[in-house]
Amino acid sequence: MNKSLFTKIIAMALVVLSLMSISIPAFAVSRCTTNTTGVNLRKSANSTSTRLGTLSMGTSVDVLCTAEGYSIESSNSTEWYYVKVRSGSYSGTYGYIHSSLVDGFDYNDIDHPDNELEAFGSNLLQNGSK
């Protein structure tokens, strides 16, 4: 195989890999909307943490992962969603929203590990690791 053809094949492979790296993460989210007005986007999974913004009803968000936090007054649930806001004045902002304030979440849409070993692997850094 000549060098020119090899170079073109490598370049095409890199283009394909680049496109895959952009499009695959887009499928690892669950697109949802806020179900009430005045939804607080928080810095952490806690209703007393810093408010990053207030979202109106129907604001589109992508749920990137779930987190355990603290319940809010209107719900006994301690589940929060880490989201990226897709619409409105806070578009592009990341933060936490309590699970009771979002409609349309599908747990199966989130690409997440099923257990601790899958999430962290078996080679964790320990004191003295290099």
Side-chain angles (χ1 to χ4, degrees):
M1 181 183 309
N2 70 32
K3 189 174 182 177
S4 176
L5 180 59
F6 181 72
T7 303
K8 289 178 184 177
I9 290 172
I10 294 297
M12 183 58 87
L14 290 173
V15 167
V16 170
L17 287 173
S18 296
L19 290 174
M20 288 176 59
S21 69
I22 292 169
S23 61
I24 289 174
F27 294 112
V29 299
S30 180
R31 180 119 340 131
C32 305
T33 56
T34 55
N35 60 21
T36 188
T37 195
V39 173
N40 291 319
L41 183 67
R42 299 284 183 177
K43 187 173 182 175
S44 62
N46 184 336
S47 61
T48 61
S49 74
T50 303
R51 182 176 51 208
L52 302 173
T54 303
L55 309 178
S56 59
M57 183 172 181
T59 300
S60 179
V61 297
D62 285 341
V63 177
L64 305 172
C65 67
T66 61
E68 281 298 312
Y70 297 92
S71 63
I72 61 174
E73 293 174 13
S74 61
S75 172
N76 290 328
S77 172
T78 58
E79 186 171 46
W80 289 72
Y81 299 149
Y82 182 66
V83 302
K84 177 182 181 184
V85 180
R86 302 282 302 171
S87 65
S89 58
Y90 293 99
S91 183
T93 306
Y94 292 84
Y96 290 88
I97 296 177
H98 192 267
S99 60
S100 65
L101 304 174
V102 174
D103 285 336
F105 175 70
D106 185 351
Y107 190 78
N108 295 316
D109 287 343
I110 303 295
D111 183 20
H112 59 278
D114 292 326
N115 57 54
E116 187 176 322
L117 181 62
E118 195 176 313
F120 301 108
S122 59
N123 298 321
L124 292 178
L125 292 177
Q126 298 178 3
N127 191 16
S129 294
K130 296 182 181 182

In chain order, what residues pass the side chain to side chain contact (heavy atoms under 4.5 Å, CB included) check against Asp106, with sequence neighbours excluded?
-> Ser30, Asn108, Asp109
Contacts of Ser56 that satisfy side chain to side chain contact (heavy atoms under 4.5 Å, CB included) - sequence neighbours left out | Thr37, Thr59
With sequence neighbours excluded, what pairs up with [X] under the side chain to side chain donor-acceptor pair (under 3.5 Å) test?
X	result
Ser77	Ser99
Ser60	none
Glu73	none
Thr50	none

Under the 3.5 angstrom rule, does the side chain of Ser49 hit a backbone N or O of Asn46 as a donor-acceptor pair?
-> yes
Quick check: does any side chain N or O of Thr54 sit under 3.5 Å from a backbone N or O of Val39, one acting as donor and the other as acceptor?
-> no
Any ring pair (Phe, Tyr, Trp, His ring centres under 6.0 Å) pairs touching residues 33-75, not counting sequence neighbours?
-> none
Phe105 atom CZ, neighbour heavy-atom count above 12 within 6.0 Å | yes
Using a 4.5 Å cut-off on heavy atoms from C-beta on, say whether the side chain of Leu55 contacts that of Val61.
-> yes
Qualifying side-chain hydrogen bond (donor to acceptor under 3.5 Å, both in side chains) pairs with a residue from residues 79-92, counting only residues at least two apart or across chains = Asp62-Arg86
Under the salt bridge (charged side-chain N to carboxylate O under 4.0 Å, His left out) rule, what pairs show up with a residue in residues 36-59, not counting sequence neighbours?
-> none
What pair of heavy atoms forms the shortest contact from [X] to [Y], and how long is it?
X	Y	result
Ile97	Val83	CD1-CG2, 3.7 Å
Val102	Cys32	CG1-CB, 3.2 Å
Ser47	Ile72	CB-CG2, 3.8 Å

Just how far is it from atom OG1 of Thr33 to atom CG of Asp103, taken to the nearest 0.5 Å?
-> 5.5 Å
